[in-house]
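A short write-up of the structure that comes next.
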Amino acid sequence: MATEIKRPSTGAIQGAFHDGTTPRTGPDSIHPPLDHVDVGAGTISATVAPPSVGDEGLPHETLREMYRLVALARAVDERMWQVNRAGRAPFAVSGQGHEAAQIGAAFALDRSKDIVLPYYRDLALSLAFGLTASDLMMSVLAKAGDPASGARQMPAHYGSARLRIVTASSPVSTQLPHATGTAYAAKLRGTGQVSLACFGEGGSSKGDFHEACNFAGIHKLPVIFFCENNRYAISVPQNLQMAIDNVADRAAGYGFPGVVVDGTDLLAVHQVVKAAADRARRGEGPTLVEAKVYRFTPHTSDDDDRTYRSPEEVKAWRARDPLALFEARLREVGALDDETLTEIKGRIKSEVNEATEAAEQAPFPDPTTFDRHVYAER
Amino acid sequence: MVQAPERSVTAQLTDDTRLDDGGMPQKSLVEAIHDTLLEEMRADDRIVTLGEDVGRRGGVFRVTAGFLEEFGEDRVLDTPLAESGIIGTAIGMALNGLRPVAEIQFLDFIHPAMDQIMNEAARIRYRSNNDFSCPMVIRAPFGGGVHGALYHSQSIEAVFVHTPGLKVVAPATPADAKGLLRAAIRDEDPVLFLEHKKMYRLIKGPVPEGDHDVPLGQARIAQDGTDATIVTYGMMVHEAQKAAAEVAQETGASIEVIDLRSLKPLDEWTIVESVKKTAKALVVTEANGLCSVASEVAALIGEAAFAYLDAPVMRVTAPDVPATPYSPPLEQAFMVDAEKIGAALRRLIAY
């Protein structure tokens with residue numbers, strides 16, 4: 001009575017899509033204009049935030065702390081690449097060029113209670129919410145001390161329940177509906193928390209972006225959708241990602257404001273996100289903020305950006321490095337001088353060296369723990 | 001390796017199914033689920049329910065009828081028609097202190113939410129090294145036999161069983177629906193709660209009042225037997241019992257029927273102990289057979305009870321066809337039923 005098994009017919013599977021002969025086509029090299037932020041002539045719905053002036057009324061101490069975090073993020077980021085290139089870390093993905101936008105946004109929130117849902121470029125944001133250089137180097141070097149995942153995830157998948165940095169995955173934009181949910185819970189429970197979710201312009205193509213914004217708009221939830229538009233989704237330029245100039249224009253379709261801001265201008269971002277957070281706390285609903293930035297590095301340590309953008313383009317954008325711009329601004333308003341700067345840079349250097357040293361010395365995860373925490377353990 | 005559970009549940013649960021019904025209210029499956037969710041929401045204001053048509057309409061199958069009136073719009077959400085958004089939002093709610101019970105209107109429509117379920121909900125605890133958890137329930141009607149055709153009949157539970165981090169249950173009785181839903185809501189991890197839509201109003205039974213709990217991961221012996229074991233779940237428990245009764249009458253054979261109730265975690269102990277006793281096993285699912293729950297149970301029996309077997313492990317499953325067709329003769333040809341189970345059972349008994 002055993003089941004009869006038929007011999008399969010042989011022969012290769014033929015299929016038009018399997019011959020591999022179709023040549024891949026790609027865009028011509030794109031050289032975006034550098035004349036400040038191009039906010040798009042053809043679209044009208046997003047508000048364009050003006051450039052910041054002066055010190056925006058912030059105490060100099062706060063300005064210096066902002067600067068310290070931008071510079072620390074840059075230093076940790078550069079160290080991640082160094083240890084990767086030295087063969088001591090399998091992978092690096094960074095946020096160089098995004099730091100000022102992230103710190104501007106972070107300082108506009110209440111870092112003692114608000115919730116952030118970062119993506120993989122949010123190193124500076126994560127530092128501002130309480131992760132340390134040491135935490136990040138543990139992750140880069142795949143050590144047990146990585147607070148985000150015990151080195152289960154690749155580096156830059158930030159997370160800490162204690163710090164209200166929501167655990168991140170690799171698929172893009174899945175965190176956006178989560179932000180809608182954390183904001184819904186905050187509203188229902190009356191916690192007064194604002195949720196801020198970050199993503200790139202590539203991530204705005206995903207259905208989850210739409211579903212999250214739509215839901216949040218309907219319920220006027222205290223959430224900020226923070227797009228860090230760096231013009232490339234790995235290699236794909238913005239004009240092949242969307243037919244509009246500003247992601248923020250899409251906010252009109254969800255019934256809440258969209259604001260475009262120069263993401264290299266920390267204080268301008270701070271102002272815009274502060275207004276969005278105030279709006280959220282007043283119960284007026286979400287805001288879509290689009291910070292125009294530029295990614296200085298390849299997508300990851302496994303990418304070669306020379307295959308899709310010119311060194312001249314990168315160089316031109318580096319001339320508008322947000323770290324240098326913010327330093328110049330703080331000198332202008334008298335919040336930084338040579339002495340303070342030397343002191344801050346010295347502290348950062350030791351901090352990153354100590355973090356690297358500590359992570360190098362730290363133990364790897366115990367291999368017998370690989371199957372722990374699939375489910376709650378009793 | 002099959003480990004013995006800390007306590008033997010078989011006897012207790014066998015007793016449970018044979019309780020004197022006197023005094024216990026008889027409820028349909030849909031009533032049991034409705035009443036249980038209602039009681040749970042009354043007892044715990046962290047619970048919110050969200051999904052398409054769950055509010056004003058009270059659910060297309062009426063599981064949440066009256067909920068909007070009692071709990072209000074804040075806790076009973078008619079969502080936009082977007083499954084990934086429903087599950088993704090529910091995950092965020094769970095991350096910030098709520099206990100969401102999300103309804104996907106038909107399991108057939110859950111596919112847009114697979115990224116959120118498999119990459120997010122299922123992996124949040126593991127990927128954060130236990131720093132975060134995602135306690136939520138996803139309710140979804142599944143199963144065929146209701147002329148629902150390709151997109152209102154699917155049984156794709158195996159995909160979820162294959163995903164570490166999720167739990168999957170499929171009650172076959174109103175009492176188990178109550179016990180399992182309570183356990184699912186109280187669980188600290190995401191649970192997919194499958195409701196066989198043909199059973200909603202067809203299957204009625206006694207439902208204990210008060211704190212009736214059925215732990216996740218414990219099968220139920222639906223009927224005792226000594227000559228062969230049928231392992232199944234959902235609507236097929238009833239079809240299997242019908243087949244077993246007919247075959248028993250014809251041949252005098254004594255058939256044990258195991259209702260898995262919980263597909264993940266699987267009650268390996270109860271399955272293996274039963275097969276050791278009867279030496280013959282028939283595994284039944286109305287899902288497609290390849291890489292199904294039935295495949296897993298058959299493999300388990302092969303690995304853990306091979307020496308006890310007097311016959312090859314047999315399976316009755318849906319064929320490798322994309323899903324239930326609409327026209328009744330086509331649907332009948334596709335569906336597993338008591339007749340097909342009976343035919344296999346007769347061959348197994350005669351082996």
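Protein chains get the first letters and strands the later ones, always in sequence-line order, with residue 1 at the start of each. Every value quoted in this text rests on a predicted model; they were computed, and no experiment measured them.
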Kindly compute the distance separating [atom1] ([X]) from [atom2] ([Y]), expressed to the nearest 0.5 Å.
| X | Y | atom1 | atom2 | result |
| --- | --- | --- | --- | --- |
| B/Thr79 | A/Glu211 | OG1 | CD | 9.5 Å |
| A/Ser170 | B/Arg123 | OG | CZ | 10.5 Å |
| A/Tyr375 | B/Asn130 | OH | CG | 14.0 Å |
| B/Asn129 | A/Thr369 | CG | OG1 | 7.0 Å |
| A/Arg189 | B/Asn96 | CZ | CG | 5.0 Å |
| B/Ile86 | A/Thr180 | CD1 | OG1 | 13.0 Å |

Does A/Val374 reach the side chain of B/Arg125, with side-chain heavy atoms less than 4.5 Å apart? no
Give, as side chain, backbone, both or neither, the part of [X] having an atom under 4.5 angstrom from any heavy atom of chain B.
| X | result |
| --- | --- |
| A/Arg164 | neither |
| A/Gln193 | side chain |
| A/Ala179 | neither |
| A/Leu176 | neither |

Check each atom of [X] against the heavy atoms of chain A and say whether the ones under 4.5 Å are side chain, backbone, both or neither.
| X | answer |
| --- | --- |
| B/Ser133 | neither |
| B/Ala90 | neither |
| B/Ile87 | neither |
| B/Asp131 | both |

Can a side-chain donor-acceptor contact be found between A/Thr167 and B/Arg127 if the only test is distance below 3.5 angstrom? yes
Looking only at atom types and distance, does a side-chain atom of B/Tyr126 sit under 3.5 Å from a main-chain N or O of A/Phe370, one as donor and one as acceptor? yes
Looking only at atom types and distance, does a side-chain atom of B/Asp189 sit under 3.5 Å from a main-chain N or O of A/Ala376, one as donor and one as acceptor? yes
Give the minimum heavy-atom separation between B/Phe132 and A/Ile165, together with the two atoms involved. CZ-O, 3.2 Å
Exactly one candidate in A/Ser173, A/Ser169, A/Pro171 meets side-chain contact (heavy atoms from CB on, under 4.5 Å) with B/Asp115; the answer is A/Pro171
